[in-house]
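A short worksheet on the structure shown next.
In what follows, every chain begins at residue 1, and chains take the letters A, B, ... in the order their sequences are listed.
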Amino acid sequence: MPELPEVEVTRRRLEPLLIRRQIASLRTTGDSYFFLTKPATLRRGLLGRSIVGLSRRGKYLLAELDDGKRLMLHLGMTGQLFSQSATSVRLLSASQRSSLRPEEQLRFEPDKHTHICLSFEDGGPEVYFRDVRKFGKVRLLRRGQSDPRLDRLGLDALEAPAEALFQRTRKRKAAIKNLLLDQSVIAGVGNIYADEALFLAGVRPTRHASRLTRNSCEALMASLRSVLLRSIETGGSSISDFIAPDGADGDYQDERWVYARAGKPCLRCKTPIRRTTLSQRTSHFCPRCQR
DNA sequence: ATCTGTCCCTGGACGC
DNA sequence: TGCGTCCAGGGACAGA
C-alpha cells in the first residue's frame, strides 16, 4: 500500500533510471480505467520524448517531459514502478517462485498486470508499471494542464504546518483518522502511517477532530513527520506489494508500533493492540497509550 | 459542506 | 486438491 514514503522512495530511485533517456517504444495492456489517458494517446505522446524530472505531490508522481507535457502516475494499492534490472522474488508469481532454483538468475517477465513497458533508444533496461489491482492511474497532461485530482490535494504531509491541520479540524465531527486519510486535508498519508502517527502522538484514531487541541495537532504533525521521514530512510514499508524501482524491499514494516499488530502487546506498555473499523478502513491502536 | 457507504480489482488466506 | 467466501484498501462517486 504505497503512501508518501513509498512514493518518495520510488521517486528517488526511479528518477536516475528514467532521466534523459529517449523513449523508443511503449507497450501496454488493453484499455481500462487504469488508463485515464487511452493507451494509444499515451503512446503517441511519449514516443521519442524523454523525461527531464520526476516530482511528487502527496501520493502522485509527476514526470516532466522534454516537450513540457507531464505524466501523472498514481500507484493505487498495488502499483509497482521498477526497472528491468530489478531482481526481487516479490516480482515472481507463486508458481515461478516454487520452481525457482537457487542458482537461477531472478528475472521478471512482463505479465498481464504489467500495464506499461517503456523501452529506450539507448537499449538499456526497460521500465515497468505493474499493478495487479488496477487501482493505480496514469494520465498524460498537456503543457500547463492540471488534473482535478491534483487540484484537490491539501498540503503535502512533509510540508504542512501543524496550524494547517488544526484549522482543518475545527468544526469537524469526523474521526481524526478519517481527516488524516482525506487527501484534501493533508496529502500523502494512508492507513499505515496514520495509525503509526496517531500512536506516537497518543491520540486515539476515533477521536473527534474538533476535539483536538492545538497542542495535540502539533504533536500529531510532529509524529507524522518523523514517521514519514524514518520510513523514507528505511526504504518504505514492504508489507504487501511494495518494492522500490531497483527491486529492493523496504524495511519500515519492522519498525511498526501498531499497524497490523492487533492482539500483539503494545511495544510501550504491553497492552494488547486493538483493531477497529472506521469508514470501512481498519485502524489499530493501543487502548492505554492512546486516549 | 460534511459524512458515510459502495464500488472498482485481484490474489491470498481460510474453512469445509 | 479444490472450491467458495472474505478481506485488503486509495480514491471517485452517489446519496443522506
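Residues A:Thr234 and A:Tyr252 have side chains in contact (heavy-atom distance under 4.5 Å, counting atoms from C-beta outward). The closest side-chain heavy-atom distance from A:Met221 to A:Arg225 is not below 4.5 Å. At a threshold of 4.5 Å between non-hydrogen side-chain atoms, the residues A:Phe120 and A:Ile23 count as touching.
In this pair, A:Tyr33 does not lay its aromatic ring on the base of B:dC8; centres under 5.5 Å and planes under 30 degrees do not both hold.
Atom CG in A:Leu179 sits roughly 14 Å away from atom C1' in B:dT4 (whole-Å rounding). Look at CD on A:Gln280: it is 11 Å from P on B:dC7, rounded to the nearest Å. Across the protein-nucleic acid pair, A:Arg281 atom CZ and B:dG5 atom P stand 12 Å apart, rounded to whole Å.
Remark on DNA chain C: of its neighbouring residues A:Phe135 and A:Asp147, the 5'-side contact belongs to A:Phe135, judged by nearest-heavy-atom nucleotide. DNA chain B is contacted by both A:Ala175 and A:Val132; A:Ala175 maps to the nucleotide lying nearer its 5′ end (nearest heavy atom per residue).
If you walk DNA chain C from 5' to 3' and mark each nucleotide with an atom closer than 4.0 Å to a heavy atom of chain A, the marks span C:dA8 to C:dA12.
Nucleic acid contact for A:Tyr259: sugar-phosphate only, since backbone atoms but no base atoms lie under 4.0 Å from a heavy atom of the residue. The residue A:Phe34 sits apart from the nucleic acid: no heavy atom pair falls under 4.0 Å. Looking at heavy-atom distances under 4.0 Å, A:Lys171 makes no contact with the nucleic acid at all. Among the protein residues, A:Asp131 comes within range of no part of the nucleic acid, since none of its heavy atoms lies under 4.0 Å from any strand. Looking at heavy-atom distances under 4.0 Å, A:Thr78 makes no contact with the nucleic acid at all. Using a 4.0 Å heavy-atom distance criterion, A:Lys59 is classed as a sugar-phosphate-only contact.
The nearest pair of heavy atoms linking A:Asp195 to A:Val258 is O-CG2, 3.5 Å.
The stretch residues 110-118 of chain A touches DNA chain B through A:Lys112, A:His113, each having a heavy atom within less than 4.0 Å of the strand.
Qualifying salt bridge (Lys or Arg N to Asp or Glu O under 4.0 Å) partners for A:Arg139, counting only residues two or more places apart in sequence or in other chains: A:Asp147.
Side-chain contact annotation: A:Ser119 with A:Ser25, donor-acceptor N/O pair under 3.5 Å present.
At the phosphate of B:dC3, OP1 or OP2 sits under 4.0 Å from a side-chain N or O atom of A:Arg172.
Atom CZ of A:Arg268 has more than 12 neighbouring heavy atoms from other residues, nucleotides or ligands inside a 6.0 Å radius.
Between A:Phe34 and A:His115, the two ring planes are tilted [angle within 30° to 60°].
Note on A:Leu181 and A:Tyr259: separate hydrophobic clusters, where clusters join Ile, Leu, Val, Met, Phe, Trp and Tyr whose side-chain heavy atoms are under 4.5 Å apart, directly or indirectly.
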